[in-house]
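Everything below concerns the one structure shown next.
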Amino acid sequence: MGYYLIAGIMFIVGLIVSNRLKSKFKEYSEIGLANGMSGREVAEKMLSDNGIYDVRVMSTPGHLSDHYNPEDKTVNLSPDVYEGRSISAAAVAAHECGHAVQHATAYSMLTFRSKIVPLVNISTQLSQWVILAGLGFLIGRANPTILLIGILLFAITTVFTIITLPVEYDASNRALKWLENNHITTPYEHDKAADALKWAARTYVVAAISSIATLLYYILLFVNSRDRN
């Protein structure tokens, strides 16, 4: 019951933040950038200004599907961002290039996050099943040791969501600083770009809080199950 309560609350909060984010990006996507640059042009200039010439800027299908891929060194922008000439397009393009700059400068938190991705993939696939087994839903009786293993696996995912926060905020800070210093955005546009990226960052905050709350709930279940035994 406690798990469903936590999940329900975080789902509602996440939905509110997500809807607000979409609303902000829609609003700012309708305000053209004064200099007329497209998201692709903003991205290419930011990479060039930072001495990065081995990263490609590409268009990728989807909405808000923008991301930087460190494995093949590509900044992938959704069509609205790649072709768009709006405040939203500039903000998103610069943010994703912020990750490319992090990669090029070996930003410690991004490096650490990248190293634990294989562990996160394993923990994501196994943690829920191991926890269910430890609680007795799969093997007929509760087993605190198995439950603890499941909790440790889930903790890896929680650590990943926490590490993601400074990575995302740092990328936004790099983006906004570059946009301002290079006069890509006017003061009016800069405030709007900062607002858009602020709401994008809050989606990661909600994910981290949700994961932490769930982890604490699992730990409480473990303590109670151990006491019963």
Side-chain angles (χ1 to χ4, degrees), residues 1-22 62-72 76 95-96 98-99 102-103 106-172 197-229:
M1 185 65 182
Y3 172 80
Y4 292 110
L5 178 62
I6 293 172
I9 293 173
M10 297 314 302
F11 174 78
I12 293 172
V13 173
L15 193 62
I16 292 172
V17 172
S18 177
N19 287 338
R20 186 64 171 165
L21 170 64
K22 291 176 182 177
H63 177 61
L64 295 179
S65 55
D66 314 270
H67 64 282
Y68 170 67
N69 187 337
E71 293 185 1
D72 60 7
N76 300 273
H95 172 86
E96 297 309 331
H99 288 307
Q102 289 175 335
H103 189 196
Y107 175 57
S108 60
M109 297 303 289
L110 179 66
T111 301
F112 181 48
R113 189 179 72 166
S114 298
K115 286 181 178 179
I116 68 171
V117 165
L119 285 175
V120 173
N121 291 335
I122 294 173
S123 67
T124 300
Q125 295 175 7
L126 297 180
S127 61
Q128 296 298 330
W129 293 107
V130 176
I131 287 172
L132 286 174
L135 292 172
F137 289 102
L138 301 180
I139 58 177
R141 56 188 292 272
N143 186 310
T145 301
I146 295 177
L147 177 58
L148 179 59
I149 294 173
I151 291 172
L152 292 175
L153 286 170
F154 186 82
I156 295 173
T157 303
T158 301
V159 169
F160 184 81
T161 65
I162 295 172
I163 294 171
T164 295
L165 295 179
V167 172
E168 293 300 325
Y169 275 100
D170 180 78
S172 289
L197 294 181
K198 175 185 69 178
W199 281 99
R202 285 176 178 172
T203 62
Y204 294 100
V205 173
V206 171
I209 292 174
S210 177
S211 188
I212 292 170
T214 303
L215 177 62
L216 292 175
Y217 174 71
Y218 287 149
I219 291 174
L220 181 61
L221 288 180
F222 169 73
V223 172
N224 290 337
S225 66
R226 189 181 59 179
D227 290 341
R228 285 196 298 270
N229 286 281

Applying side-chain contact (heavy atoms from CB on, under 4.5 Å) to Ile162 and not counting sequence neighbours gives Thr158, Ile212

In this structure, CG of Asn224 is separated from CG of Leu147 (nearest 0.5 Å) by 10.5 Å

Sorted by chain and number, sequence neighbours left out, side-chain contact (heavy atoms from CB on, under 4.5 Å) with Ile156 holds for Leu119, Val120, Ser123

CE of Met109 to CD1 of Ile163, rounded to nearest 0.5 Å, is 5.5 Å

Those residues at least two apart in sequence (or on a different chain) that pass side-chain contact (heavy atoms from CB on, under 4.5 Å) with Asp170 are Gln102, Tyr107, Arg174

Applied to residues 109-132, the salt bridge (charged side-chain N to carboxylate O under 4.0 Å, His left out) test, sequence neighbours excluded, yields Arg113-Glu168

Between Tyr68 and Glu96 the two heavy atoms that sit nearest each other are N-OE1, 3.2 Å

In this structure, CD1 of Ile146 is separated from CG of Leu132 (nearest 0.5 Å) by 11.5 Å

For residues 12-22, the side chain to side chain donor-acceptor pair (under 3.5 Å) pairs (sequence neighbours left out) are none

Interatomic distance, CG@Asp66 vs CG@Leu64, rounded to 0.5 Å, equals 6.5 Å

Show which side-chain atoms of residues 197-210 pair as donor or acceptor with protein atoms under 3.5 Å away, not counting sequence neighbours.
residue : atom : partner : partner atom : Å
Lys198  : NZ   : Asp195  : OD1          : 3.1
Thr203  : OG1  : Ala200  : O            : 2.6

Minimal heavy-atom distance between Gly150 and Ser127, with the atoms involved, is O-CB, 3.9 Å

Rounding to 0.5 Å, atoms CG (Leu152) and CD1 (Ile219) come to a distance of 9.0 Å

For His99 and Leu110, the nearest pair of non-hydrogen atoms, with its separation, is O-CD2, 3.8 Å

Here the gap from Leu221 atom CG to Leu216 atom CG, rounded to the nearest 0.5 Å, amounts to 11.0 Å

Heavy-atom nearest pair, Ile151 first then Tyr218, reads CD1-O, 3.2 Å

Between Phe154 and Ile131, the two heavy atoms sitting closest are CB-CD1, 4.2 Å

